[in-house]
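Beneath this line is the structure, given in structure tokens, with notes to follow.
First the proteins, then the strands, lettered A, B, ... as listed; each starts at 1.
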Amino acid sequence: MDSIQTTIKTLLKTPTQIKSPSQAKQIHAQVIKNHSTFTSDLLSLYSKFNLLPESLTLFNTLQSPSIHAFKPLIKCYTSNSYFFESLKCFVTMRRMGIHPDHNVFPSVLKSCTNLMCFKFGESVHGSVIRFGLEFDVFTGNALLSMYSKLQRFSALQVFDESPERTAFDQSENVLHHSYKSYPEVSQNGRNPSALSHMSDQDRRNVPMQSVRKVFETMPEKDVVSYNTLILGYVQNNMCNEAMMMIREMGDAKLKPDAFTLSNFLPVVAEYMDVWKGKEIHGYGIRHGFERNGFVINGLIDVYANCNMVEDSYQLFCSLSERDCVSWCSMIAACVKNGLFDEGLSLFRQMLSENVKPVPISCSSIIPACAHLTTLPLGQQLHGYIIRHCFDDNMFISSSLVNMYAKCGNIKLAKCVFDGMKHHDLVSWTAMIMGCASHGYANDAIFLFKQMEMEDVRPNSVAFVAVLTACSHAGMVDEGLTFFNRMVTHYDIAPDFEHYACMADLLGRAGKLEDAFDLICSMPENKTASVWLPLLAACRVHKNVDLAEKVVMQISKLDSDNVGAYVLLSNIYSSVGRYKDAAKVRHILSKKMNKKEPACSWIRIGGKVHAFIAGDESHSNYDGIVNALDILFGQIDKEGYVVDH
DNA sequence: GTAGGGTTAG
């Protein structure tokens with residue numbers, strides 16, 4: 001009997017020899033059989049394999065658990081994402097007067113981070129200092145991670161009032177007495193009045209200044225410390241600082257690992273820096289990270305943002321195992337590059353491989369349905385979203401509002417919008433744009449004003465939406481007021497789209513000279529297409545002189561713009577200047593030879609039918625011509641003069 | 001002990 005006891009004891013003291021959960025369970029069976037009492041050691045073993053139910057069963061057999069029993073249970077709760085239970089366990093342990101050690105704090109801090117328990121996290125930090133563990137590298141790294149995530153939320157004041165977090169922040173502060181011992185970190189970024197005078201960039205800097213302070217005080221820093229700080233900088237939009245950290249890492253003789261690469265890749269993607277992307281890709285291959293899913297997914301995103309979606313696809317194919325994120329990255333890569341059909345077919349392929357869509361998959365694929373105006377598929381997805389309770393997700397709801405509006409069902413768009421608990425800038429904009437494109441200008445303007453009243457600051461896109469509404473409804477004064485408000489009140493520089501809307505609005509109202517002057521006042525990025533609505537307006541108002549001036553401007557920017565010449569020729573015809581019209585058509589015919597003809601297409605019963613101007617090759621060409629004749633006949637009957 | 005993918009644009 002003694003020899004078995006000794007063997008069990010030896011095994012439990014050298015847990016590296018135990019390689020699987022089933023071996024751990026076999027040892028547990030032997031412990032019970034031999035009436036041994038190695039509960040804490042067994043708990044550590046179960047915790048090593050993240051076996052929560054087994055750990056709990058063991059823990060509950062203990063009358064007065066020691067630190068050695070609490071430690072593995074807290075770790076096990078955290079590893080299994082039971083963060084609230086992890087903190088409750090920690091509080092119980094402290095109430096029993098048990099002192100935590102360096103193994104406990106990383107798990108506890110991670111739980112605080114995930115539950116967004118900022119105040120409680122600070123008091124845990126106080127406790128770390130009180131127990132003299134602030135120089136432990138694992139604990140320090142957990143603190144870095146906690147502050148870089150929680151202070152960001154706190155500084156930007158988007159904390160929600162989750163009941164779990166409030167419970168901890170308000171009541172269970174058994175450690176709160178030590179809160180005062182670390183005032184520098186706790187004060188920064190939490191006081192809204194202190195932040196109100198700051199610029200957005202300064203507000204972003206606040207949390208990272210505190211994190212940097214924690215970093216500087218760490219006597220020992222490892223790759224994880226640098227990676228955590230790099231991620232913090234990236235997530236706080238401080239890209240240069242993130243880059244500097246990679247350099248500092250090199251100075252400290254630490255090599256970037258897969259975490260470093262995947263943490264930094266979003267910066268490369270955002271800046272569309274294809275050369276940096278390739279450099280990182282090469283480094284990844286040389287250092288054996290070419291199979292790391294996080295690195296590959298980051299690179300898929302980089303190449304997609306650089307319009308190199310085929311490279312993204314090659315990487316996607318190189319993955320031996322594709323998880324939900326890799327599918328989603330590739331689908332998003334297609335959708336970003338306008339490959340909507342390919343995105344949808346990947347989505348179907350993902351389902352056929354039994355990878356279940358998560359909320360992010362839905363918000364990536366719905367825009368493809370919106371662009372392709374495939375309402376039935378969009379509705380199927382909406383059904384899935386409701387069945388899986390994803391419908392309280394802002395990203396999904398906004399994309400649904402847009403999808404229904406684009407597919408012509410403004411009522412359902414409004415229904416989704418009204419069903420949302422909160423509205424953010426994007427959801428307001430999607431709804432305003434929906435109303436604008438359906439001709440409900442007053443509703444769009446009302447929604448815009450309501451958004452402003454709810455303290456949601458409109459951005460450039462929201463102004464495009466409301467100006468579109470004004471333009472469609474010919475509301476000149478309102479449009480001018482919004483345009484000026486955007487510049488003077490919100491300090492937003494008008495973009496191409498805003499000028500295009502305004503030129504269209506002024507042109508339709510007959511204020512052609514004003515529209516001309518407005519476009520001339522555009523500081524830069526003038527394109528031919530910003531002039532085209534004005535040219536159309538010149539035609540409606542039969543202003544030949546201005547039309548000629550406009551075409552001159554267009555030809556400077558794009559000498560092959562066929563649309564402009566067609567319009568000019570029509571304008572000449574409409575005022576009886578047929579010779580001029582013929583001249584323009586002659587120039588046009590030369591230009592047309594150089595241009596690829598435009599193509600339109602329609603999908604019927606899963607088959608795509610394409611049409612090119614002058615093309616008579618469709619198998620049902622005669623039938624189509626007959627149908628058109630009937631339609632033109634009906635149009636004539638109703639008194640509408642067809643405008644050729 | 002550290003990591004990824006998403007919504008709005010005449």
Side-chain angles (χ1 to χ4, degrees), chain A residues 75 78-79 102-103 105-107 109-110 113 136-146 148-149 222-232 234-235 257-266 269 292-301 304 323-333 335-336 357-367 370 390 393-403 405-406 424-434 436-437 458-465 467-472 495-505 529-530 532-533:
Chain A
K75 188 213 155 220
T78 306
S79 315
H102 68 282
N103 287 314
F105 283 116
S107 295
L109 290 165
K110 186 178 176 180
T113 310
D136 171 61
V137 67
F138 280 45
T139 307
N141 290 343
L143 282 168
L144 288 176
S145 180
M146 181 184 82
S148 76
K149 287 199 178 82
D222 63 4
V223 180
V224 179
S225 328
Y226 281 89
N227 287 345
T228 309
L229 209 65
I230 289 166
L231 183 69
V234 171
Q235 293 182 334
D257 64 3
F259 281 82
T260 323
L261 305 191
S262 74
N263 287 352
F264 189 68
L265 280 171
N292 181 295
F294 286 87
V295 175
I296 299 288
N297 293 338
L299 284 167
I300 288 177
D301 208 31
D323 64 4
C324 175
V325 180
S326 23
W327 279 103
C328 201
S329 304
M330 194 58 233
I331 291 168
V335 176
K336 265 181 218 165
V358 292
I360 296 182
S361 337
C362 297
S363 51
S364 314
I365 199 64
I366 295 168
F390 295 165
N393 178 305
M394 293 278 239
F395 287 77
I396 292 181
S397 301
S398 303
S399 61
L400 281 172
V401 168
N402 179 51
M403 188 272 294
K406 286 254 169 66
D424 66 351
L425 174 63
V426 176
S427 50
W428 280 108
T429 308
M431 195 62 239
I432 293 167
M433 187 62 83
S437 57
N459 69 354
S460 164
V461 185
F463 273 103
V464 170
L467 290 174
T468 304
C470 296
S471 151
H472 283 186
D495 222 343
F496 160 79
E497 283 87 0
H498 306 104
Y499 281 106
C501 276
M502 289 312 294
D504 189 38
L505 177 59
S529 51
V530 76
L532 281 173

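- Note on A:G140: nothing from the nucleic acid sits closer than 4.0 angstrom, heavy atoms only.
- Between the CG atom of A:N263 and the C1' atom of B:dT2 there is a distance of 7 Å, rounded to whole Å.
- Among the atoms of the strands shown, only primed sugar atoms or phosphate atoms (P, OP1, OP2) are found under 4.0 Å from some heavy atom of A:V464.
- With hydrogens and angles left out, the side-chain atoms of A:S326 and A:D323 include a donor and acceptor closer than 3.5 Å.
- OP1 or OP2 of B:dG4 has at least one side-chain nitrogen or oxygen of A:Q235 nearer than 4.0 Å.
- Taken to the nearest 0.5 Å, the SG atom of A:C328 stands 6.0 Å off from the CD1 atom of A:I360.
- Looking at heavy atoms from C-beta onward, A:T228 lies in side-chain contact with A:S145 at the 4.5 angstrom threshold.
- In this structure, A:F395 places its CZ atom 8 Å from P of B:dT7, rounding to the nearest Å.
- Counting heavy atoms from C-beta outward, A:S148 and A:Q235 have side chains that stay 4.5 Å or more apart.
- As a whole-Å value, the separation of A:I360 CD1 from B:dG6 P is 8 Å.
- Interatomic distance, A:L109 CG to A:T113 OG1, rounded to the nearest 0.5 Å: 6.5 Å.
- Checking the phosphate oxygens (OP1, OP2) of B:dT2, a side-chain nitrogen or oxygen of A:K110 falls inside 4.0 Å.
- Residue A:S398 places a side-chain atom within donor-acceptor reach of the base of B:dT7, judged by atom type and a 3.5 Å distance cut-off alone.
- Across all strands, A:D136 comes closer than 4.0 Å to no nucleic acid atom at all (heavy-atom distances).
- Distance from the side chain of A:C328 is smallest for B:dG5 among the nucleotides B:dG5, B:dT2, B:dT8.
- Counting non-hydrogen atoms under 4.0 angstrom, A:P367 reaches the backbone sugars and phosphates but no base.
- Among the atoms of the strands shown, none is found under 4.0 Å from any heavy atom of A:V223.
- In this structure, the nucleotide among B:dA3, B:dT7, B:dG6 sitting nearest to the side chain of A:D424 is B:dT7.
- At the heavy-atom level, A:S471 lies nowhere under 4.0 Å from the strands shown.
- Using a distance-only test at 3.5 Å, with no hydrogens or angles considered, no donor-acceptor pair links the side chain of A:H498 to the main chain of A:L467.
- Note on A:M394: a base of the nucleic acid sits closer than 4.0 angstrom, heavy atoms only.
- Checked against B:dG5, B:dA3, B:dT7, the side chain of A:D301 finds its nearest nucleotide in B:dG5.
- Rounding to whole angstrom units, CG of residue A:N402 and P of B:dG6 are separated by 17 Å.
- For A:S145, the side-chain atoms get nearest to B:dT2 when compared with the rest of B:dT2, B:dG6, B:dA9.
- When the C1' atom of B:dT8 is taken as reference, atom CZ of A:F463 falls 15 Å away, rounded to whole Å.
- Considering only side-chain atoms of A:V426, the nucleotide from B:dT8, B:dG6, B:dG5 that sits closest is B:dT8.
- The side chain of A:N297 approaches B:dG4 more closely than any other nucleotide in the set B:dG6, B:dA3, B:dG4.
- Contact annotation: A:K149 does not reach the phosphate of B:dT2 (side-chain N/O to OP1 or OP2, under 4.0 Å).
- Between the CG atom of A:N393 and the C1' atom of B:dG5 there is a distance of 13 Å, rounded to whole Å.
- Relative to the side chain of A:C324, the nucleotides B:dT2, B:dT8, B:dG5 differ in distance, and B:dG5 lies closest.
- The base of B:dG4 lies close enough to the side chain of A:D323 for a donor and an acceptor atom to sit less than 3.5 Å apart.
- Per the geometry, CG belonging to A:L299 stands 19 Å off P belonging to B:dA3, to the nearest Å.
- Between the side chains of A:N402 and A:S399, no donor-acceptor pair is found at a separation under 3.5 Å.
- Put simply, the side chain of A:S329 and the base of B:dG5 share no donor and acceptor less than 3.5 Å apart.
- Contacts of A:A332 with the nucleic acid, taken as non-hydrogen atoms under 4.0 Å apart, involve only primed sugar atoms and P, OP1 or OP2.
- Atom CZ in A:F259 sits about 8 Å away from atom P in B:dT2, given to the nearest Å.
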